[in-house]
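As structure tokens, the structure follows; a few thoughts come after it.
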There are 2 protein chains.
Amino acid sequence: MTRMSTAHGARARARIEVTAAIKDEARRQLAADGAARLSLRAVARELGMVSSALYRYFPSRDDLLTALIIDAYDSLGEAAEAAHDAAAGSGPLQRWIAVCEAVRRWALGHPHEYALIYGSPVPGYTAPDTTVPAAARVGLLLIGVVRDAYRGLGLARPSLPADLRPEAERMAADLAPDLPPEVVTVLVAAWAQLYGLVGFELFGQFNRVVEDREVFFRYAVGQLAHGVGLVYPQRGPAAKSPGPHND
Amino acid sequence: MTRMSTAHGARARARIEVTAAIKDEARRQLAADGAARLSLRAVARELGMVSSALYRYFPSRDDLLTALIIDAYDSLGEAAEAAHDAAAGSGPLQRWIAVCEAVRRWALGHPHEYALIYGSPVPGYTAPDTTVPAAARVGLLLIGVVRDAYRGLGLARPSLPADLRPEAERMAADLAPDLPPEVVTVLVAAWAQLYGLVGFELFGQFNRVVEDREVFFRYAVGQLAHGVGLVYPQRGPAAKSPGPHND
DNA sequence: CCAAAGCAAGAGCACTGCTCTCGTTTATGA
DNA sequence: TCATAAACGAGAGCAGTGCTCTTGCTTTGG
């Protein structure tokens with residue numbers, strides 16, 4: 001049995017420091033060259049240790065990657081929460097947009113980390129359950145925004161097709177029992193669509209298509225907000241139509 | 001100078017066959033284990049040739065990957081077009097849904113190929129312009145559906161914020177000069193959001209969140225259609241509200 | 001018919017993840 | 001206090017990778 005976990009000697013402290021140093025260097029290489037170029041040997045080399053020694057701290061390359069994934073989720077979650085808190089005084093729509101733009105900004109600033117967590121999963125690698133709580137942070141944040149709006153002034157309740165009812169109620173029970181299933185459903189869809197927008201920009205699908213990604217993203221995200229029932233931003237000169245449709 | 005391209009001897013035919021065999025075996029390995037596990041040596045081994053011989057046909061691993069990427073785009077485009085043609089008699093909304101569901105079905109059937117083209121780009125690899133036309137097929141298909149709807153019965157024209165106007169007009173000029181810029185803008189957004197939905201399901205972000213992905217996807221895609229101006233599917237018992245918002 | 005190009009094969013380089021062994025250091029329990 | 005067990009760093013080594021270079025052979029085209 002290992003007894004290192006709760007030990008509190010000089011060795012335990014050293015272990016913590018070395019582990020952190022490995023993760024730092026690995027994160028450096030990840031940010032520089034991407035996940036698949038991340039090399040255990042290169043990390044060890046840079047740290048002045050031999051590669052086999054590194055396996056005392058991470059039993060495999062995938063375990064090191066998992067640690068980086070969790071850190072990336074946390075970093076993204078922190079950025080989103082910071083943006084949310086900075087817009088705490090504003091209305092739900094402004095907070096929604098603030099969170100979405102924080103996600104985009106973080107993604108543009110950490111493209112390889114973003115690809116690691118929201119791009120295609122690393123070959124043969126399946127994320128362990130350890131990553132679940134960290135991954136949920138942004139989602140929880142968006143739920144919170146919608147919840148505030150719902151409690152504050154009531155929210156539009158979209159209608160659902162009959163065959164989606166059971167699924168919608170199950171999702172609502174799992175994610176936000178205090179919200180109507182209709183709202184939770186469109187929220188989950190908007191959540192996925194947000195990452196479609198970010199991913200397309202980040203992975204180059206918008207090349208030669210969308211130039212001014214900033215304003216395009218803001219508009220698309222406003223649409224998403226509208227879809228979940230938050231009012232459409234009716235600033236600007238055009239005040240004729242409240243939404244993206246009028247028939 | 002090489003003269004192989006237009007030559008028509010036994011050697012040229014052999015070259016074509018070997019090239020196809022390499023791509024087939026590579027596609028097999030790609031489908032089985034994913035892009036990063038694709039090994040030139042393994043392909044050569046399976047084909048009974050030595051690894052260096054393979055470089056006569058593909059100058060690098062990335063070039064082989066590029067060929068597979070183009071094939072994947074074409075395969076996806078073909079599937080989408082087939083689904084579209086099969087729904088040729090139906091209205092625009094049905095065709096829209098048919099195309100979207102074909103994309104999803106193809107993605108679920110070819111997860112690694114989908115990840116290759118719409119997931120995070122392979123490490124250090126940047127797609128050459130060769131892939132652009134193949135990549136555009138699904139987009140063109142969606143544009144066509146919306147164009148038909150627009151020409152047939154007129155389409156809802158969403159309002160745009162002032163700062164998005166120039167970008168919207170540029171996009172419309174590039175993609176569909178015969179469509180209103182507002183429609184093109186929401187269409188591009190819907191296009192990206194479609195891939196957000198598919199990617200989230202495929203890459204496991206819906207694990208423990210969405211169970212009945214089939215009906216959820218259909219609903220979300222109907223929402224997207226509604227967003228671009230196609231009418232919302234008002235079948236089913238609930239006929240009270242035509243859209244996901246009502247205030 | 002012969003020079004030029006295409007081709008398969010092999011050896012080799014530098015790199016990877018990972019394992020195993022070997023002394024050494026540290027920590028813990030009797 | 002002191003022996004035993006665990007943790008550790010270092011090194012060698014295995015199997016695999018992409019890619020290059022050289023060596024002959026075959027096909028092709030002027």
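What's counted below: heavy atoms across the whole structure, side chains too, no hydrogens, waters or symmetry copies. To find a chain, count down the sequence lines: A is the first, B the second, and so on, and within it residues start at 1.
Within the structure, every side-chain polar atom (N or O) of A:Arg13 is placed at least 4.0 Å from both OP1 and OP2 of C:dA27. One finds a side-chain N or O of B:Arg45 lying less than 4.0 angstrom from the OP1 or OP2 phosphate oxygen of D:dT17. Put simply, A:Arg61 has a side-chain N or O that comes within less than 4.0 Å of OP1 or OP2 on C:dG17. Applying the 4.0 Å criterion to OP1 and OP2 of C:dA8, one finds that B:Tyr57 has a side-chain N or O inside that range.
In this structure, CE of A:Met49 is placed 16 Å from P of D:dA7, rounded to the nearest angstrom. Atom CD1 of A:Ile16 is separated from atom C1' of C:dT26 by 16 Å (rounded to the nearest Å). The interatomic distance linking B:Leu64 (CG) with D:dG18 (C1') rounds to 12 Å, in whole Å. Atom C1' of nucleotide C:dG17 and atom CG of A:Asp62 are separated by 10 Å, given to the nearest angstrom. Put simply, CZ on B:Arg56 is 16 Å from P on D:dC25, counting in whole angstrom units. To the nearest angstrom, P of D:dG16 lies 13 Å from CZ of B:Arg37. Rounded to an integer number of Å, the gap from A:Asp63 CG to C:dG17 C1' is 13 Å. Summarising the geometry, the separation between CG on B:Leu54 and C1' on C:dG6 is reported as 15 Å, rounded to the nearest angstrom.
With hydrogens and angles ignored, the 3.5 Å screen pairs no side-chain donor or acceptor of B:Arg105 with any backbone N or O of B:Ala79. Side-chain atoms of A:Ser75 never come within 3.5 Å of backbone atoms of A:Asp71 as a donor-acceptor pair (strictly under, hydrogens ignored). No donor-acceptor distance shorter than 3.5 angstrom exists from the side chain of B:Glu113 to the backbone of B:Ala31, with no hydrogens or angles considered.
Counting any heavy atom pair closer than 4.0 Å across all strands shown, B:Leu38 reaches sugar-phosphate atoms only and no base atom. Nucleic acid contact class of B:Leu47 (heavy atoms, under 4.0 Å, all strands): none.
Closest to the B:Tyr55 side chain, of the nucleotides C:dG17, D:dG18, C:dC7, is D:dG18. Minimum atom distance to the side chain of B:Ser39 is reached by D:dG18, of the listed D:dG18, C:dT21, C:dT16.
Position along DNA chain C of the nearest nucleotide to A:Ser52 versus B:Val50 favours B:Val50 as the more 5'-ward residue. Summary of the strand contacts: A:Arg41 and A:Gly48 both lie near DNA chain D, and taking for each the nucleotide with the nearest heavy atom, the more 5' one is attributed to A:Gly48. Nearer to the 5' terminus of DNA chain C, by closest-nucleotide assignment, is the contact made by B:Arg11 (compared with the other of B:Arg11 and B:Ser51).
Atom-to-atom distance recorded for A:Ile69:CD1 and A:Ile117:CD1 is 8.0 Å, nearest 0.5 angstrom.
Side-chain N/O atoms of A:Thr66 and A:Asp63 include no donor and acceptor closer than 3.5 Å.
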